[in-house]
Number of protein chains: 2
Amino acid sequence: MISEALLMQYGAHKFSVRKKEVLFHLDSRPQYFYQVHQGRIKMNYFNEDGKEFIQGIFTAGQSFGEPPLFEELSYPAQAEAVEDSVLWKLEKSNFFTLLKANPEVHLELTKVLASRLHYKATMVAEISTENPEHRLLKLIDYFKVHIYDIPIETPYLVELSRQQLADLTGLRVETVIRAIKSLEKKGELSLDAHKIRR
Amino acid sequence: MISEALLMQYGAHKFSVRKKEVLFHLDSRPQYFYQVHQGRIKMNYFNEDGKEFIQGIFTAGQSFGEPPLFEELSYPAQAEAVEDSVLWKLEKSNFFTLLKANPEVHLELTKVLASRLHYKATMVAEISTENPEHRLLKLIDYFKVHIYDIPIETPYLVELSRQQLADLTGLRVETVIRAIKSLEKKGELSLDAHKIRR
DNA sequence: CTAGTTTTATGATTTCGGTCATAAAATTGG
DNA sequence: CCAATTTTATGACCGAAATCATAAAACTAG
């Protein structure tokens with residue numbers, strides 16, 4: 001997260017997007033550094049027959065889509081507004097000028113990339129080797145502990161739909177619904193009015 | 001990749017590991033920055049019933065296992081020598097001193113993390129949504145273009161075993177063997193003496 | 001308030017890749 | 001050089017999750 005003061009100083013602009021609007025497409029070349037000011041943005045991939053995979057969901061204060069800025073790479077997913085949102089947008093070259101002039105910001109950004117890499121390494125191993133229930137618990141606990149910084153023993157209310165859980169874990173909605181039910185029966189989580197608590 | 005001169009200057013040491021030796025375990029806390037001097041190291045995860053997933057294979061000049069150094073995180077996989085190898089090992093605190101004093105090295109490292117994030121994002125989406133043949137082609141092309149820097153039109157000889165391909169794509173050996181056969185039949189790649197060329 | 005949409009739910013059926021068993025070919029190491 | 005190990009290969013069978021169909025419940029927007 002880069003402070004607004006700094007973003008403005010280096011010529012960033014705020015702009016609005018409507019729910020479902022696409023910010024950039026799969027395989028396009030990055031031109032800007034993006035940071036969420038308000039709302040929620042997801043990065044997602046669709047295969048040939050329309051199956052979605054969600055790389056990440058980003059909320060106020062979080063940046064996204066930085067990796068391809070650093071190499072001559074194109075985006076491995078598109079970015080789409082989950083709800084009406086306001087974003088900061090900073091020209092690529094200005095972004096690098098900013099980083100160079102502010103080593104502590106650069107270090108912060110490296111930490112963000114490191115933590116995202118940790119998340120991806122965790123999820124890809126889960127998806128490759130574990131069953132649906134295991135995957136879902138891992139994802140839920142990951143969000144709780146690493147994204148929302150809630151101690152593992154404190155109850156946490158999952159704010160993701162069954163479909164989003166499916167698209168984050170590579171499962172299908174029906175499988176998620178059944179696995180969640182089964183996990184409730186086993187006492188691994190609780191449900192009240194369809195909301196998942198763990 | 002950090003130059004040997006710089007590594008030495010900040011107190012790094014070289015040490016040897018034998019094939020199959022484990023450098024650090026899953027869930028342990030990182031204490032060092034590691035860089036391969038000679039040989040090959042893989043980072044891998046095993047689920048409860050022994051199914052392996054390979055996060056990456058690192059060769060001479062490449063560093064690995066950096067992300068958890070930047071946050072207070074534990075390793076999401078273990079590191080294991082694929083063959084007898086020699087490694088550089090730099091104390092965590094010295095590593096950060098080095099980065100701080102050498103911004104261009106820090107930027108290089110950020111690029112490495114960015115490119116690894118790109119690889120993981122690509123593979124996790126593949127594994128979640130695509131069939132075995134698609135996954136294998138994507139992996140092979142990724143290694144060719146992004147890891148070995150070979151132009152897509154130049155033939156490339158895959159130096160990974162069927163088992164390694166399986167553990168990198170979340171498949172089983174038998175499935176990889178059959179998919180490779182089928183891809184050969186379709187003309188997507190060629191085989192000579194079991195070696196895969198594409 | 002209500003029609004329309006999205007989300008959650010559940011049963012029946014299918015399928016793709018996993019599992020199991022076995023063996024040939026290739027590689028390695030002593 | 002040869003025994004032991006690893007890698008590649010192939011067929012038969014199985015099963016977990018995907019797919020398909022349908023509907024109730026819960027939201028949402030006008």
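Owing to the predicted nature of the structure, the values given are computational and were not obtained by experimental measurement. Letters go in sequence order (proteins before strands), and every chain restarts at 1.
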>> Cation-pi check for A/Phe15 against A/Lys89: NZ or CZ below 6.0 Å from the six-membered ring centre and within 45 degrees of the axis, yes or no?
In response: yes
>> Between P on D/dT28 and NZ on A/Lys20, what's the gap in Å once rounded to a whole number?
In response: 12 Å
> Does a salt bridge link B/Glu52 with B/Lys42, judged by any charged N lying under 4.0 Å from a carboxylate O?
Replying inline: yes
>> In whole Å, I'd like the distance from the CD1 atom of B/Ile177 to the C1' atom of D/dT6.
In response: 12 Å
>> Would you call the rings of B/Trp88 and B/His37 parallel, tilted or perpendicular, taking 30° and 60° as the class edges?
In response: perpendicular
> Given atom NZ of B/Lys181 and atom C1' of D/dT7, what is their separation to the nearest angstrom?
Replying inline: 12 Å
> Does a donor on one side chain sit under 3.5 Å from an acceptor on the other, for A/Ser63 and A/Glu66?
Replying inline: yes
> Less than 4.0 Å between a side-chain N and a carboxylate O, is that true for A/Asp84 and A/Lys19?
Replying inline: no
> How long is the line joining NE2 of B/His194 and P of D/dT6, in whole Å?
Replying inline: 18 Å
> Does A/Phe95 have its ring centroid less than 6.0 Å away from the ring centroid of A/Tyr32?
Replying inline: no
> Taking the nucleotide of DNA chain C with the closest heavy atom to each, which residue, B/Lys19 or B/Asn131, is nearer the 5' end?
Replying inline: B/Asn131
>> What is the distance, to the nearest angstrom, from the CZ atom on A/Arg162 to the C1' atom on D/dC27?
In response: 14 Å
Nucleotide N/O to protein N/O under 3.5 Å, stretch nucleotides 18-20 of chain D:
residue	atom	partner	partner atom	Å
D/dA18	OP2	A/Thr175	OG1	2.3
D/dT19	OP2	A/Arg172	NE	3.3
D/dT19	OP2	A/Arg172	NH1	2.3
D/dT19	O4	A/Arg178	NH2	3.1
D/dC20	N4	A/Glu174	OE2	3.2

> What class does the angle between the rings of B/Phe64 and B/Tyr34 fall in, given that below 30° is parallel, 30 to 60° is tilted and above 60° is perpendicular?
Replying inline: parallel
> Earliest and latest nucleotide of DNA chain C, 5' to 3', sitting under 4.0 Å from a non-hydrogen atom of chain B?
Replying inline: C/dG17 to C/dA26
>> Over 60° means perpendicular and under 30° means parallel, so tell me whether A/Tyr148 and A/Tyr156 are parallel, tilted or perpendicular.
In response: tilted
